[in-house]
Amino acid sequence: MGVFYHSDAQWHSGWTHENLFENCTVISDTWENGGYGNAFWASAPEDGAHGPNGPRNVVYNCDAYSMKTAIWLGGMNEGWIFAYNRFRVKDGGGLFVKTASFDHILRDNVFLLEDRTSPLATFASPDCGGIELIGNRIYGGRQLYQGLQHPAAARENHFYEYEADVPRPQPPVASIYEWQRRQRGLN
C-alpha cells in the first residue's frame with residue numbers, strides 16, 4: 001500500500017522479482033521527480049545501470065493516472081499479473097511490451113484511455129508471447145492490440161465510449177497480503 005505522487009511506480013533495479021504492489025495510488029502527471037510519465041515502469045535489459053526485472057511481480061487493486069501508456073515493460077519480464085486495477089491514461093494505451101517480455105496476465109482491469117485511439121496492448125517485438133488479456137473494460141480505445149505479436153488469450157474484454165470517472169473494479173479480496181496471512185493463521 002502506498003501513494004506515488006508526480007512519479008511512476010518503478011521496478012528500477014536489476015532482477016527485482018516477486019513484488020506485490022497492492023492498494024496503491026499512482027499519479028504520474030509530470031516528469032519532474034524521476035518519473036517517465038507511465039503509471040508502472042520496468043527498466044529494459046539494455047539499461048546498463050539497472051538491467052531487466054525478474055519474474056512474478058503483481059499489481060493488484062491499484063488506482064493509477066499516467067501521462068503516457070499505463071504499463072511500460074522494457075523486456076525480459078516474465079509472468080507478471082495486473083488484476084483489478086483502474087488505469088487512467090492521458091495519451092497512450094494500457095500496456096507496452098518489448099524484448100522478451102512474456103507470459104503476463106491483464107485481468108479484470110479498467111482502462112480509461114483519454115486519447116480515445118490507443119490500443120489496450122502494444123507488442124513492440126515478436127518475442128513477447130504468452131500474454132493474456134481477459135475480462136478488461138476499455139473506455140475510449142477501439143483496438144485490443146497492435147504490433148509484432150498477438151495475445152495468447154483474449155476473451156471477455158469489452159470496449160465502451162470514453163468516460164472520465166468509471167469506478168475501480170471490485171476484487172474478490174481487498175488484499176492478497178492479508179488473505180495470505182489469514183490462510184497461514186497469522187491474523
Side-chain angles (χ1 to χ4, degrees), residues 2 4-22 24-60 62-83 85-107 109 111 113-115 117-134 136 138 141 143-154:
F4 298 76
Y5 284 115
H6 312 302
S7 182
D8 29 59
Q10 300 178 6
W11 294 268
H12 199 65
S13 181
W15 216 244
T16 54
H17 63 283
E18 298 179 356
N19 293 287
L20 172 62
F21 283 76
E22 81 172 3
C24 294
T25 299
V26 179
I27 303 169
S28 184
D29 60 356
T30 182
W31 290 272
E32 292 178 4
N33 295 319
Y36 298 102
N38 308 98
F40 293 90
W41 187 90
S43 55
E46 63 269 15
D47 182 333
H50 303 97
N53 297 271
R56 297 177 302 278
N57 290 296
V58 175
V59 176
Y60 182 82
C62 293
D63 194 20
Y65 176 79
S66 62
M67 300 294 289
K68 300 189 300 187
T69 296
I71 305 161
W72 193 92
L73 302 181
M76 295 183 68
N77 318 105
E78 175 190 0
W80 292 25
I81 299 172
F82 295 85
N85 304 288
R86 178 175 63 174
F87 299 99
R88 292 171 290 165
V89 182
K90 182 167 182 63
D91 187 19
L95 171 70
F96 175 90
V97 291
K98 71 179 195 76
T99 317
S101 188
F102 62 99
D103 291 349
H104 306 310
I105 298 171
L106 269 70
R107 183 177 188 108
N109 299 288
F111 290 89
L113 307 180
E114 288 183 31
D115 71 10
T117 60
S118 295
L120 174 60
T122 298
F123 297 89
S125 59
D127 54 359
C128 295
I131 295 175
E132 299 180 12
L133 308 173
I134 302 170
N136 298 289
I138 304 101
Q143 186 178 3
L144 190 61
Y145 67 93
Q146 69 179 12
L148 302 172
Q149 185 56 274
H150 60 276

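When a residue number appears, it is its place in the shown sequence, counting from 1.
Note that the CG atom of L120 and the CD1 atom of I138 stand 5.0 Å from one another [nearest 0.5 Å]. In this structure, CZ on R107 lies 5.0 Å from CD1 on I134, to the nearest 0.5 angstrom. A distance of 10.0 Å separates CE in M76 from CG in D127, rounded to the nearest 0.5 Å. We find the CG-CZ distance between L148 and F123 to be 10.5 Å, quoted to the nearest 0.5 Å. Considering OG of S66 and CG of D29, their distance stands at 10.0 Å, rounded to 0.5 Å. If you take NZ on K68 and NZ on K90, they are separated by 14.0 Å, rounding to the nearest 0.5 Å.
Among all heavy-atom pairs drawn from Q143 and Y145, the shortest one is NE2-O, 2.9 Å. Here the closest non-hydrogen pair linking T99 and C128 is N-SG, 3.9 Å. Of all heavy-atom pairs spanning A70 and G94, the tightest one is CB-O, 3.5 Å. V26 and S7 make their closest contact through CG1-O, 3.7 Å (heavy atoms, listed as atom of the first residue, atom of the second, distance). When every heavy atom of S101 is checked against every heavy atom of G75, the shortest pair comes out as CB-CA, 4.2 Å. Residue K98 comes nearest to G74 through the heavy atom pair CG-O, 3.3 Å, listed as atom of the first residue, atom of the second, then distance.
Within the 3.5 Å criterion, the main-chain N or O of Y36 finds a donor-acceptor partner in the side chain of D8. Side-chain atoms of D63 never come within 3.5 Å of backbone atoms of T25 as a donor-acceptor pair (strictly under, hydrogens ignored). In this structure, the side chain of D91 does not engage the main chain of M67 through any donor-acceptor pair within 3.5 Å. Side-chain atoms of T122 never come within 3.5 Å of backbone atoms of F96 as a donor-acceptor pair (strictly under, hydrogens ignored). In this structure, T69 contributes its side chain and G92 its backbone to no donor-acceptor pair below 3.5 Å. With hydrogens and angles ignored, the 3.5 Å screen pairs no side-chain donor or acceptor of N85 with any backbone N or O of N109. The closest donor-acceptor contact from the side chain of N77 to the backbone of A42 lies at 3.5 Å or more, if one exists at all.
With contacts defined as side-chain heavy-atom distances shorter than 4.5 Å, the pair R86/Y65 does not qualify.
Residue L73 is tested with L95, I131, N57 for a side chain to side chain contact (heavy atoms under 4.5 Å, CB included); the sole match is L95.
The aromatic rings of F87 and F40 lie perpendicular to each other, with more than 60° between the two planes, well past the 30° mark.
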- prompt: Going through the checks in order, is the side chain to side chain contact (heavy atoms under 4.5 Å, CB included) test met by I71 and W80?
  reply: CA-CA 11 Å; I71 305 161; W80 292 25; over 6 Å; no
